[in-house]
Amino acid sequence: MTRAIRIGHLYPDVMNLYGDRGNILALVQRARWRGIQVDVVPISLGDPFRAETVDLLFAGGDQDREQRRVAADLAGPKGDAIRAAIEAGLPALVVCGSYQLFGQRYLPAEGPELPGLGVFDVVTEHPGVNVVRCVGNIVVDWNGSLLVGFENHGGRTYLGPRAAPLGRVVAGYGNNGQDGTEGARYKNAFGTYLHGSLLPKNPRLTDELLRLALQQRGDDPTLAALDDSVEEAARRVAIARARAERHAQRNVGATARPR
Ligand code: GLN
């Protein structure tokens, strides 16, 4: 019997915009459907981070004000420990505002630049509150399969020479609405702008994270197949909706044009 998978949930009470907590629910439920117990460990402002206590890390998104509090909490030993754990292969999923803070730096709409963890070689700049936000349904090609979600961010993220995108934008804005990239991947860490929440509608990514967590601690990463017909039906609707939005926006010549 595989022992419980331990998910470290970073800042659950601070970074939880657009229902990003749904990602935790999807991970827990798809593990339980295979008879694998999951323990969720909240790690918030002021809490220590100990890599040996978690098998998988998750952090959601939120606005600039909360990001400022989190950036301060990540500065110093806590952020160093998280970066070292990811360097050692700890799987992680970080969404939107957390994704931005796992990059090199984030320049918010107002106020000083925030230092990032430097997990991803990306930089993010918010062009200002009067500039079109990247908002809408989004579809991303992730290694030949499609990820569906919803994005709502002002910041534009640009990949550095050592960064690899999570995927390519099929419909929507993605990292910056210009270069066709979405998110970033480094070792077993996934950064993305996809809210939705992401994982309930993307069972392949959920299972990939569970496999990585099992593998990371030396367990058999094989997962029994599940009936994903409900998720697939939801995905078809989400893909059609995103494509219709892109078509409509192309017709009206929206600025910060999505792909
Ligand atoms: N404050 C950041 C931005 O606007 C992140 C927003 C979010 O997490 N949805 O880009």
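Start at 1 and go down the list; that is how both ligands and their atoms are numbered. Worth knowing before you read on, the calculation uses all heavy atoms, side chains too, and leaves out hydrogens, waters and symmetry mates.
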Check: In this structure, are over 12 heavy atoms from other groups packed under 6.0 Å from Glu52 atom CD?
Finding: yes

Next item on the list: Salt-bridge test for Asp55 and Arg6: reply yes if a basic N is under 4.0 Å from a carboxylate O, no otherwise.
Entry: yes

Checklist line | Amino acids in close contact with ligand 1, where any non-hydrogen atom sits under 4.0 angstrom away | finding: Leu17, Tyr18, Gly61, Asp62, Gln63, Asp64, Gln67, Cys96, Gly97, Gln100, Tyr106, His126, Arg133, Asn152, His153, Gly154, Gly155, His195

Check: If you look only at pairs with a residue in residues 192-203, which of them pass as a salt bridge (charged side-chain N to carboxylate O under 4.0 Å, His left out), with sequence neighbours excluded?
Finding: none

Enumerate donor-acceptor pairs with a distance under 3.5 Å from any side-chain N or O in residues 24-35 to protein atoms, sequence neighbours excluded.
residue: Arg30; atom: NE; partner: Asp207; partner atom: OD1; Å: 2.9
residue: Arg30; atom: NH1; partner: Asp228; partner atom: OD1; Å: 3.0
residue: Arg30; atom: NH2; partner: Asp207; partner atom: OD2; Å: 3.0
residue: Arg30; atom: NH2; partner: Asp228; partner atom: OD1; Å: 3.2
residue: Arg30; atom: NH2; partner: Asp228; partner atom: OD2; Å: 3.2
residue: Arg34; atom: NE; partner: Ala224; partner atom: O; Å: 2.8
residue: Arg34; atom: NH1; partner: Arg30; partner atom: O; Å: 3.3
residue: Arg34; atom: NH1; partner: Asp207; partner atom: OD1; Å: 2.8
residue: Arg34; atom: NH2; partner: Asp207; partner atom: OD2; Å: 2.8
residue: Arg34; atom: NH2; partner: Ala224; partner atom: O; Å: 2.9

Margin query: Tell me every residue that passes side-chain contact (heavy atoms from CB on, under 4.5 Å) with Pro127, counting only those two or more places apart in sequence or in another chain.
Written below: Val131, Arg156

Next item on the list: Answer whether the closest heavy-atom distance between the side chains of Ile43 and Lys78 falls below 4.5 Å.
Entry: yes

